[in-house]
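Some notes on the structure that comes next.
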Amino acid sequence: MQSKTTRSAFVFAVSIVVVPFALSGPVFAESVCKGMEQESCETAENCRWQAGYTRKDGIAVVSHCRSSGKKKEVAPEASVEGESEKKS
């Protein structure tokens, strides 16, 4: 049976390896658009300018630049000839 010290050392060693991987994911990645001025934000391909607004709870949100998100690739549409052959 392992002693408490050995188990504690093992848990500590595992946490040193696992925690950095858990924190390095895209959830914590900072946006390229964050902090951009309006002019540079509007010209950036992957960014869009969010106008300021007031939330329902009364908190005012100032205008800021944000990521426009990842664009999904659109599947190519089947040709008209291919569709008519399938229906026959």
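Residues take their numbers from the sequence shown, with the count starting at 1.
- Rounding to the nearest 0.5 Å places NE2 of H64 at 8.5 Å from CH2 of W49.
- Judged as a side-chain hydrogen bond (donor to acceptor under 3.5 Å, both in side chains), the pairs with a partner in residues 53-62 (not counting sequence neighbours) are, in order, R55-D57.
- Here the shortest heavy-atom pairing between G52 and S63 reads N-OG, 2.9 Å.
- Residue C33 is tested with S68, C65, S40 for a side chain to side chain contact (heavy atoms under 4.5 Å, CB included); the sole match is C65.
- Checked against side-chain contact (heavy atoms from CB on, under 4.5 Å), E39 has the following partners two or more places apart in sequence or in another chain: E37.
- With contacts defined as side-chain heavy-atom distances shorter than 4.5 Å, the pair M36/C47 qualifies.
- Listed by chain and number, the residues in a side-chain hydrogen bond (donor to acceptor under 3.5 Å, both in side chains) with R48 are Q50 (sequence neighbours excluded).
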